[in-house]
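I have placed the structure first, in the form of structure tokens, so that the comments after it can refer back to it.
Owing to the predicted nature of the structure, the values given are computational and were not obtained by experimental measurement. Atoms within each ligand, like the ligands themselves, are counted from 1 in listed order. The residues of the chain are indexed from 1 along the displayed sequence.
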Amino acid sequence: MDANKPRRYHIKTFGCQMNEYDSDRVAALLEEHHFTRAESAQSADIILLNTCSVRQKAADKIYSELGRLKKLKRDNPRLLIGVGGCLAQHEPARLLKQFPCIDLIFGTQALARLPGLLHAAAAGTRSVDVDPDACRTMYARLPRPVIGPGRTSAFVSIMQGCNNYCTYCIVPYVRGTEWSRTPDEVLEEVRLLIDSGVRDITLLGQNVNSYGKTLSPPIAFAELLGRLNSLAGLARLRFITSHPRDLSDGLIACFAGLDKLCEHIHLPLQSGSDRILQAMNRSYTAAQYGALIDKLRAARPDISITSDIIVGFPGETEQDFINTRDFIARIGFDDLFIFHYTDREGTRACRMPGKIDYAVKIQRLRELNALQRGISRQRNELLVGSIQEVLFEGPSSRNSANLAGRTRSNKVVNCPARQDMQGRTAPVLIEKAGIHSLSGTLFQEQDSP
Ligand code: SAH
Ligand code: SF4
Ligand code: F3S
């Protein structure tokens, strides 16, 4: 091996679970090409940023990171800097212009071509690969994901892209139009993960309900879930994210019928005002969303429901905001991710009139966060005294004598337990509830009265 060739890589991942998954696949590819993982960014010859562009804050984080890397490169001119993922796909020209330290840009569909791009960059060619539809079999071309020892849960990307074009959202432009992996490819990957000790699988897609529509023959998402549910060795199955528009009765029935499908759904609402939902191109009303929640709770009474909300969408009046606030209180979500609207260049909302003042957006954000903290605590308190099946994932960040795990409903539980319980499930008696987590003790049969 040529000792002068850059060989040690470091990947820094921003954004959602799909980026985490993609970074793991990229790492497996680089290792197959004899690159080795660097201990730290400082000791690396190649630094790759896997970026996010969904909100302005996500983009700002990348700009600051690139500002820091610029200095690192000044000290080590041989360092190669690559920027990939959604921001790279969104604004390659701007990044190249603003940050001369960047050696290569790889878009969301370019992962399998990364080794070639790296070799070109090492030879002094600044390369850019951002064709959004360039590889719809990308994952099939990458080596199998490598799972480190002790991992109990893993992500599996099953589809990507989005055809929904919500007016505020950049994702359809940076992840392209929807495409799905074949069911056989997904099943094979899940089997492999089970063989490596994984028990809890989360299927990923920007819009998982549309899974399989582009395949020939097409297959429904509910059917894929059914096939995965029958895999021996798998304990838990989850998915993110669903759009309320195509949450079919078939999929709702899966929550009643599939024993491994966990009782949790993340179903982004975005707003409780019909006027704003329409301006967002969400294609449902608050009442229709409420009806879906009723159906889900009828299918699985203990289902936990989480959601995303945007406050301060262009034109959002005080009354629209009150409608959202009241609707949130009525549904009683287990948890909410609340964002203040930011413009993303290229989207329809970016060109809409009626932009809301930053101070008003932040005021609304704070109000909803305060409301939800109370609701989350109440929802969690309902579990005090119950026995929950917990899958232990690793040491608790709060107390090293404890293990942390998750319930099937995706709530974090801290519990005193031996290290060898890691990777195993056990019944836990829930004794205390906080806003974001629960704590309890291992339940033994003789404890029962
Ligand atoms: N595919 C998923 C997630 C998309 S991005 C879905 O459809 O739900 C995650 C969340 O970011 C969105 O649900 C939305 O609440 C938020 N978001 C997207 N674009 C935004 C923008 N321009 N400003 C503020 N929040 C935004
Ligand atoms: Fe964005 Fe809407 Fe697609 Fe979600 S469904 S990725 S919010 S366009
Ligand atoms: Fe961000 Fe791309 Fe995910 S924009 S949220 S990393 S799909």
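Between Y139 and Y21, the distance from one ring center to the other falls under 6.0 angstrom. Note: F239 and Y211 fail the aromatic proximity criterion, with ring centroids not under 6.0 Å apart. Proximity of the aromatic rings of Y9 and F35 is defined here by a centroid distance below 6.0 angstrom, and this criterion is not met.
Contact check for H33 versus L30: no side-chain heavy atoms found under the 4.5 Å cut-off. Contact check for L261 versus L228: no side-chain heavy atoms found under the 4.5 Å cut-off.
Under 2.8 Å from atom 3 (Fe) of ligand 3, one finds the following protein N/O/S atoms: C16 SG. Protein contacts to atom 2 (Fe) of ligand 2 involving N, O or S atoms at a distance below 2.8 Å are C166 SG.
In terms of modelled atom types and a separation under 3.5 Å, the side chain of S180 and the main chain of G212 share a donor-acceptor contact.
With no hydrogens or angles considered, no side-chain donor-acceptor pair links H264 and D334 at under 3.5 Å. Side chains of S23 and N50: a donor-acceptor N/O pair is present below 3.5 angstrom, by distance only. Side-chain contact annotation: T177 with R136, donor-acceptor N/O pair under 3.5 Å present.
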Would you please test N380 and K411 for side-chain hydrogen bond (donor to acceptor under 3.5 Å, both in side chains) and show each step?
CA-CA 9 Å; N380 286 345; K411 300 195 187 236; 2.7 Å; yes

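Ranking the protein heavy atoms by distance from atom 7 (S) of ligand 2 puts Y168 OH, 3.3 Å first.
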Show me the donor-acceptor pairs, under 3.5 Å and distance only, between side chains in residues 97-112 and residues at least two apart or in other chains.
from: Q98; atom 1: OE1; to: R94; atom 2: NE; distance (Å): 3.2
from: D103; atom 1: OD1; to: K73; atom 2: NZ; distance (Å): 3.0
from: D103; atom 1: OD2; to: K73; atom 2: NZ; distance (Å): 2.5
from: D103; atom 1: OD2; to: I81; atom 2: N; distance (Å): 2.7
from: T108; atom 1: OG1; to: Q89; atom 2: OE1; distance (Å): 3.4
from: T108; atom 1: OG1; to: V174; atom 2: O; distance (Å): 2.8
from: Q109; atom 1: OE1; to: W179; atom 2: NE1; distance (Å): 3.3
from: Q109; atom 1: NE2; to: Q160; atom 2: OE1; distance (Å): 3.3

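Salt bridge status for R364 with E318: present, with a side-chain N to carboxylate O gap under 4.0 Å.
For ligand 1, the 4.0 Å heavy-atom shell contains residues V54, R55, Y168, Q206, T241, P268, Q270, D308, I310, F339, H340, Y341, T342, R344.
The neighbour count for E345 CD, taken as heavy atoms of other residues, nucleotides or ligands under 6.0 Å away, does not exceed 12.
Of all heavy-atom pairs spanning T182 and L215, the tightest one is CA-CD1, 4.0 Å.
Remark: ligand 3 atoms within the under-4.0 Å shell around heavy atoms of S53 are 1 (Fe), 4 (S).
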